[in-house]
Number of protein chains: 2
Amino acid sequence: MARSVAEKADILPLLAEVFREHGYEGTSLSLITQATGLGKGSLYHFFPGGKEEMMVAVLASIDLWFETEIFQPLQNAASPDVAIDAMFTAVRTYFASGQRVCLVGLLGLSDSRDRFAEAIRRYFARWVEALAIALRHREQTNQAAREHAEQIVAGIQGAIVLARALDAPDVFDRILNEMSSRQTAKSGE
Amino acid sequence: MARSVAEKADILPLLAEVFREHGYEGTSLSLITQATGLGKGSLYHFFPGGKEEMMVAVLASIDLWFETEIFQPLQNAASPDVAIDAMFTAVRTYFASGQRVCLVGLLGLSDSRDRFAEAIRRYFARWVEALAIALRHREQTNQAAREHAEQIVAGIQGAIVLARALDAPDVFDRILNEMSSRQTAKSGE
DNA sequence: TTCATTGTTTACCTATCAGTACAGAAAGCA
DNA sequence: TGCTTTCTGTACTGATAGGTAAACAATGAA
């Protein structure tokens, strides 16, 4: 047969996209088979734990991506300003100017929050933490840097919500631009 | 029997709460009967259109509340500053410092977005519009007021996401306080 | 006190859900 | 070539989903 020699690594992005579009509850196995081209047999071969294990794997892959592409650069960059700029650019691309939902944020709002509470908490905690480190140079205290980081992460999440609701990607870009420029403006102080 | 002489007005808040907690997809009729104490028969008597009509009614009641409690005061207040302050206070209470989700925002992110797209769009469009009017005094141009309004509404939504994800209501309060104080700080300029 | 209206209970319908069982095909290795 | 491991299709399960039908109880006006 059409034995596609599927590997977990290949189907994870597809899986992630389905969960992003439909949430955890809204993603049925039939949607998954449709999106991945894999039958139930294959899916349960790779993920014996079913839907929940699939979501855990997706969350882990998201975590890995953000850790390497966003969090680590923020923490270790020689120039924090450049790293923060890079973060804004990466985020704009990743979330397709708000047309692509943040799966972790969505999960946190939804019914299945409790099931993945720890992964959700860690994702946002790491983001705030890494960004706060990059912001330390700019702020009087570590606490101020932390609060500023909270504002920016919340601003990004809110920009997704608003841009999706209004169906207006330009709203997303405007909000991110403003946060980014308010940032660089401070260097003149 | 226990004829509770139910009225639509009485069960709408209960309905709203169930939808808020579980989303549209996640809210099953059995959850609804449980939360309202009404059987399917009664529910379909009040809402012949089923779940969808229930959600439409809930959205309409939310719309009404925000229109009278938030949007109109923002637009018509003698003192916009006071009205904006009142908005922050009302929002903090309404969303219980981020422990209570914004149903409209959640819907916008989730699978059932298309079904209620127009109501979702209008809710946020009205919010931004009303807030922009209250902010006009503070900004150079109407466009700047609008952009600032977008930032604040997005900030509120993001604060909900972040506070829920971190399970930390104080994060919500901090972010709102900061936005509110940045606002009043400008009057000194 | 009749009687239509309004509200409620109960039983039932079909579709779909997540998950399981298992036979069997492809692939890798000998 | 054989044989084992890895993968896949099909058929099934029990549970629950949203929704329907209709008999029936409470209510309020005549």
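- A salt bridge links B/R100 to B/E17: at least one charged side-chain nitrogen sits closer than 4.0 Å to a carboxylate oxygen.
- Separating the CG atom of B/D111 from the P atom of C/dT16 is a distance of 15 Å, rounded to the nearest angstrom.
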Show the distances under 3.5 angstrom between N or O atoms of the protein and N or O atoms of nucleotides 10-14 of chain D.
none

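- Summarising the geometry, the separation between NZ on A/K51 and P on C/dC17 is reported as 9 Å, rounded to the nearest angstrom.
- The aromatic rings of A/F66 and A/Y94 sit perpendicular to each other, their planes meeting at more than 60°, with 30° as the lower class boundary.
- Atom OH in B/Y44 sits roughly 14 Å away from atom C1' in C/dC12 (whole-Å rounding).
- Here the nucleotide nearest the side chain of A/S30, chosen from D/dT8, C/dC17, C/dT8, is C/dC17.
- Salt-bridge check for B/E150 with B/R146: passed, with a basic side-chain N closer than 4.0 Å to an acidic carboxylate O.
- In this entry the distance linking CG of A/L43 with C1' of D/dT6 reads 15 Å, nearest Å.
- Between A/G26 and B/D111 the shortest heavy-atom distance is O-OD2, 4.0 Å.
- Distances shown here put every side-chain N or O of B/H45 at or beyond 4.0 Å from the OP1 or OP2 atom of C/dT8.
- A salt bridge links B/R182 with B/E178; the closest basic N to acidic carboxylate O contact falls under 4.0 Å.
- Nearest to the side-chain atoms of B/S42 among the listed nucleotides C/dA18, C/dT9, C/dT6 stands C/dT9.
- Distance A/I32 CD1 to C/dA18 C1': 10 Å, rounded to the nearest Å.
- With sequence neighbours left out, the salt bridge (Lys or Arg N to Asp or Glu O under 4.0 Å) criterion links A/E25 to no other residue.
- Connection of B/F47 to B/Y44 is established within a shared hydrophobic cluster, with ILVMFWY side chains joined at heavy-atom distances below 4.5 Å, either directly or through further cluster members.
- Residue contacts for A/T33: at a heavy-atom cut-off of 4.0 Å it reaches no nucleic acid atom on any strand shown.
- Between the side chains of B/E147 and B/Q151, no donor-acceptor pair of N or O atoms lies under 3.5 Å.
- Atom CD of B/Q34 is separated from atom P of D/dT16 by 12 Å (rounded to the nearest Å).
- Side-chain N/O atoms of B/Q72 and B/E67 include a donor and acceptor closer than 3.5 Å.
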Writing each nucleotide of DNA chain C 5' to 3' as (, ), [, ], | or . by Watson-Crick or G-U pairing under 3.5 Å yields .||||||||||||||||||||||||||||.

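- Across the protein-nucleic acid pair, A/K8 atom NZ and D/dC7 atom P stand 10 Å apart, rounded to whole Å.
- Taking atom CG of residue A/L29 and atom P of nucleotide D/dA15, one finds them 18 Å apart after rounding to whole Å.
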